Amino acid sequence: MVVDIDLEPVTAESDLFQKPVYIAGPCSAETEEQVMNTAVPLAAMGIKIFRAGIWKPRTRPNSFEGVGSVGLKWLQRVKKETGMRVAIEVANVKHVYEALKYGVDIIWIGARTSANPFAVQDIADSLRGVDIPVMVKNPINPDVDLWIGAIERINNSGIRRMAAIHRGFSSYDRTLYRNVPQWQVPIELRRRIPRIPIITDPSHICGNRELLFDISQKAMDLNFDGLIIETHCNPDKALSDANQQVTPDALGKLLNRLIIRDPEIKEELMLTLAALRDQIDKMDDRIINILEERMKVADQIGEYKKVNNITILQTKRWDDMLKNRLQLGTRKGLSEEFIIRLFRSIHQESINHQTRIMNEE
Ligand code: PEP
Ligand code: MN
C-alpha cells in the first residue's frame with residue numbers, strides 16, 4: 001500500500017533533488033584547510049551539495065568523534081566562497097539548533113538515529129515551523145517500515161522537501177560490503193512512497209573505494225535519483241572512513257564513467273519487455289505451484305514424525321540436503337549465496353508447517 005506523504009514535487013524550479021543529484025564531501029570536517037581543499041575542486045566540477053560530518057557516530061569510543069560546532073564556521077565559508085549548499089548529519093536537538101544557527105542548508109538523519117523512533121521524534125518536534133530539506137538514511141537494520149516511519153515523523157512536522165538515503169544494512173557475517181545493499185529494501189521504499197527521491201550512498205555500502213563504481217552504476221540502473229559519495233582532499237589521511245573516501249579528481253572520473261539510462265521505456269522495447277515479463281510471470285506461477293506441492297509432502301512427513309514421535313529437525317538430513325542443492329544449483333549457474341538463502345527459506349517454511357501439525361490436537 002502506498003504511504004501518504006506530503007512532499008513538495010521535484011520540479012525544474014525546485015532543483016534541489018533533481019535527478020541525478022550528486023552530493024560529495026568528506027566523511028568528517030577535520031580542519032578548515034581540509035574542508036576548503038575538498039570543497040573548491042568539487043564546486044569547480046559542478047557539484048551543488050557539499051556534505052561533511054560535524055558530529056560523528058563512531059562504533060567505539062576514543063576514535064575521532066568530529067570537530068563539533070567549530071566546523072560549522074568552515075561550512076559557512078564553503079557556502080560563501082563556492083556557492084554550494086551544505087549538508088550535515090544531525091542526531092539530536094542540539095545538532096538541529098546548531099545547524100540552523102549556522103545556516104546549514106540541508107540536514108540528514110544518520111542510520112543509527114533513524115533506527116530510533118524516540119530520537120527521530122525529538123528531531124521532528126524541533127523542526128516544527130522550520131523550512132529545511134531533510135534526508136533520512138535507512139536504519140541500520142533492513143526494516144522498510146522503520147525507515148518509512150522515520151520519514152513520516154519528519155514529514156508530519158511539516159517538512160516537505162525530503163529525500164531518502166540508501167546506505168546499506170549491517171550484518172554479522174563478513175561480506176564483500178561494509179553494509180549489505182539489500183536493494184529490495186529501497187525498491188520497496190520506492191513502491192510505498194513513489195515520490196520521494198532516493199539517493200544511494202555507495203561509500204557506506206562499500207566501505208572500500210574500489211567497489212564504489214559498480215554500486216553507483218547499479219543505483220542509476222535502478223532509476224534512483226542520485227548519489228552521495230564521501231570525498232576528501234587526502235583520503236588516506238582521513239580521520240574517519242579513510243578506506244572508502246576518494247579525491248575530488250577520482251570522484252569526477254567515477255561520475256563521468258556512469259551511464260545514465262533511459263527510464264522511459266519506448267513502445268517497441270515495451271513489447272519485447274512485455275513478452276519476456278509474461279514468461280517470467282508464468283514461471284513464477286509454476287514455482288508457486290511446485291512449492292505448494294512440496295509443502296503438502298512436508299505436511300505428510302510432519303504427520304509421520306508426529307505419529308512416530310520423531311523430532312522435526314534432523315540436522316544431518318538438512319546438512320546433506322543443502323550440500324546436494326548447492327551442487328545442483330551451482331552447476332546451473334546459480335550463486336551459492338542465492339541457493340543457501342533460497343533453501344534456508346524453503347526449509348524454514350517446511351519446519352513451520354510441521355510445527356503446526358505437531359501441535360495440532
Ligand atoms: C555518514 O554519512 O558519515 C554516516 C555516519 O553515515 P551512516 O549514518 O550511514 O553510518
Ligand atoms: Mn563516513
Side-chain angles (χ1 to χ4, degrees), residues 21-30 34-35 38 42 47 49-61 63-68 71-72 75 85-92 95-96 99 104 106-116 119-120 123 133-144 146-147 150-151 154 163-171 175 177-182 185-186 189 198-209 211-212 215-216 219 224 226-247 251:
V21 41
Y22 297 135
I23 304 174
C27 178
S28 309
E30 299 168 3
Q34 169 249 5
V35 166
T38 309
L42 286 175
I47 299 290
I49 304 176
F50 184 74
R51 64 148 285 155
I54 296 294
W55 302 277
K56 299 303 298 180
R58 303 309 297 279
T59 303
R60 309 273 305 271
S63 4
F64 172 67
E65 294 194 304
V67 291
L72 294 170
L75 296 185
R85 289 175 160 120
V86 296
I88 67 164
E89 172 178 350
V90 295
N92 59 39
H95 296 165
V96 173
V104 166
I106 302 167
I107 53 179
W108 81 79
I109 296 183
R112 292 155 196 77
T113 310
S114 56
N116 177 350
V120 175
I123 294 171
V134 179
M135 307 189 289
V136 180
K137 284 198 163 195
N138 66 254
I140 46 181
N141 49 327
D143 181 339
V144 76
L146 193 58
W147 195 4
I151 294 167
I154 302 293
I165 300 180
H166 167 226
R167 54 77 80 195
F169 303 90
S170 68
S171 76
T175 69
Y177 300 107
R178 177 179 177 192
N179 291 292
V180 186
Q182 306 224 40
V185 180
L189 181 77
I198 299 181
I199 296 170
T200 299
D201 174 349
S203 304
H204 292 91
I205 291 176
C206 298
N208 171 347
R209 62 180 77 99
L211 303 172
L212 293 176
I215 291 289
S216 304
F224 291 158
L227 301 168
I228 176 167
I229 298 187
E230 286 187 343
T231 312
H232 190 292
C233 55
N234 190 355
D236 289 328
K237 291 272 155 31
L239 298 181
S240 58
D241 290 352
N243 294 338
Q244 70 196 31
Q245 301 205 58
V246 289
T247 60
L251 177 74

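Note that ligands are numbered from 1 as they come in the structure, with each ligand's atoms numbered from 1 the same way. None of these values were measured; they are calculated from a predicted model. Throughout, residue positions are numbered sequentially from 1 according to the sequence presented.
Between Arg51 and ligand 1, at least one pair of N/O atoms sits closer than 3.5 Å. Here's the thing with Ala111: one of its N/O atoms is less than 3.5 angstrom from an N/O atom of ligand 1. For ligand 1, the polar-atom distance check finds no N/O of Asp201 at less than 3.5 Å from any of the ligand's N/O atoms.
A 4.5 Å side-chain heavy-atom check between Ile54 and Leu75 finds at least one atom pair inside the cut-off. Using a 4.5 Å cut-off on side-chain heavy atoms (C-beta onward), Pro186 and Asn138 make no contact.
Salt-bridge check for Lys56 with Asp241: failed, with every basic side-chain N at 4.0 Å or more from each acidic carboxylate O. A salt bridge links Glu230 to Arg51: one of the charged nitrogens lies within less than 4.0 Å of a carboxylate oxygen.
The Mn ion (ligand 2) lies closest to atom OE2 when only the N/O/S atoms of Glu230 are considered. Looking only at N/O/S atoms, Asp241 comes nearest to the Mn ion (ligand 2) through OD2.
Each of the following atoms of ligand 1 lies closer than 4.0 Å to a heavy atom of Arg112: 7 (P), 8 (O), 10 (O). Remark: ligand 1 atoms within the under-4.0 Å shell around heavy atoms of Gly110 are 8 (O). Of all the atoms in ligand 1, the ones that sit under 4.0 Å from a non-hydrogen atom of Glu89 are 4 (C), 5 (C).
Scanning all protein heavy atoms for the shortest distance to atom 4 (C) of ligand 1 gives His204 NE2, 3.6 Å. Scanning the protein heavy atoms around atom 6 (O) of ligand 1, the nearest turns out to be Lys137 NZ, 2.8 Å. Arg167 NE, 2.6 Å is the protein heavy atom nearest to atom 9 (O) of ligand 1. In this structure, atom 3 (O) of ligand 1 lies nearest to the protein heavy atom Lys56 NZ, 2.7 Å.
Taking the six-membered ring where the residue is Trp, Phe169 and Trp147 present perpendicular rings, their angle passing 60° and hence far from 30°.
Here the shortest heavy-atom pairing between Arg209 and Pro235 reads NH2-CB, 3.6 Å. Closest of all the heavy-atom pairs between Val90 and Ala99 is CG1-CB, 4.3 Å.
Seen from the Mn ion (ligand 2), atom SG on Cys27 and atom NE2 on His204 lie at an angle near 170° (rounded to 10 degrees).
In terms of modelled atom types and a separation under 3.5 Å, the side chain of Gln34 and the main chain of Ser28 share a donor-acceptor contact. Between the side chain of Thr38 and the backbone N or O of Cys233 there is at least one donor-acceptor pair closer than 3.5 Å.
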